[in-house]
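Order of listing sets the numbers, starting from 1, for every ligand and every atom in it. Any value given below was found using the heavy atoms of this structure, including those in side chains, with hydrogens, waters and symmetry copies removed. Start at 1 with the first residue, then count along the sequence.
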Amino acid sequence: MDSVPELLSFAAQVFEKHGGIAERDDNHVMALLPPGLAHSLDLPEEVRLGEEAMPLLYGSPVLDRLIQVATEEIPLVFGRIEVPYLKKAGFDQLIGQDIVFTNGQVRVTGRAEARTSYMVLTCRYVALSDERKEGLVEVGTHESTGAIIEDFETLWPEFRPEFYTPGKVPPHFSIHLEKAIPNAMRKARVLAEEKLTDFIKSMRRRLRRDVKNTREYYDALRKEMEASLSHHNLSEAQRDERIAKIEDLPREMAQKIEDLQQKYKIQVRLRPCAALRFLIDVVHIMVEIRFRKHTRTIHLIWNPLSRRLDPLVCERCYETTRSVHAHEEDSRFRLLCASCAQK
Ligand SMILES: [Zn+2]
């Protein structure tokens, strides 16, 4: 079974944050882990994660241990949001608007009030290059599906949540965060890279400028040295020495350019630093989907903070999506995002 690509990125992030060295490939992560980390994860110090011998999948014990390591130092705050209003009817119109099913026939079959949990994960990013830049990003997710909820992080304060005192937290929070944490961290990385756009551009601009200057410098140097060969008072040995130096210039220049590329290389480190978890009353909308000769019933969530349906996650890559494609597989069908449906 193939590993989930998002989980490989997540694993690489956890390894790096805890002092390991990780290299991400298409279908695996190669890593060198410090002994303490290897021990907590129950992995060898030199590990190749993601291939047949050691796949990385939702529900696998190694993923549980990675999440444990990633979250154990994060301060958690628990709260509850009372909502003034839960939508009673008119859900049919939201299908095709909030969530689009591109194929299959979709019918709303029921509605039920339910309580569910969401998380706002705050992550700190640090970009290291010739200069350093850091900041915070926040991501809202539905805890059990791992769907990224747009704007959740700005919506919740408007609803004046009530926070639970430690030790008085009710047991209704999801204990399964294996989708929420990796998805939130992946989204946080995207947001951090957006915030770093100017920084990245400026490092690239400086690299281009320095490379250009280096090339011009060596070009001028070569011309000067070539001109000096025609001096009459050079001995044979001095001439040979200068020719050797001229011939060595391209190598020397390549080395200088390589050093510059190292100097301006950008490394972005990301780590979760706080999580707010909320219990919220929502509406579950039961939906029957018919595709070819198959039928499935799923539930959608009407979110009272955003006043719209929450997006779904792709059943193959776990990417959050509002455009869902039924895809026949064996004797059933899966609900996929646009890019998985095309493969
Ligand atoms: Zn997908």
E153 versus I149, closest heavy-atom pair with distance: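 Scanning both residues completely, I find the closest heavy atoms to be OE1-O, 4.1 Å.
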Apply the hydrophobic cluster definition, ILVMFWY joined by side-chain contacts under 4.5 Å directly or through others, and give me every member besides V126. L128
Residues forming a ring pair (Phe, Tyr, Trp, His ring centres under 6.0 Å) with F152, sequence neighbours excluded: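 Expected list: Y118.
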Does K179 make a cation-pi contact with Y58, if we ask for NZ or CZ under 6.0 Å from the ring centre and within 45° of the axis? yes
Whether the R242 and S228 side chains hold a donor-acceptor pair (N or O, under 3.5 Å, no angle test) is what I'd like checked.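 Present: a donor and an acceptor within the cut-off.
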I need the full list of salt bridge (charged side-chain N to carboxylate O under 4.0 Å, His left out) pairs touching residues 269-289, with sequence neighbours left out, sorted by first then second residue. R80-D281, R107-E288, R115-D281, E143-R277, E288-R290
Tell me, which protein N/O/S atoms are under 2.8 Å away from the Zn ion (ligand 1)?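 C314 SG, C317 SG, C337 SG, C340 SG, with waters left out.
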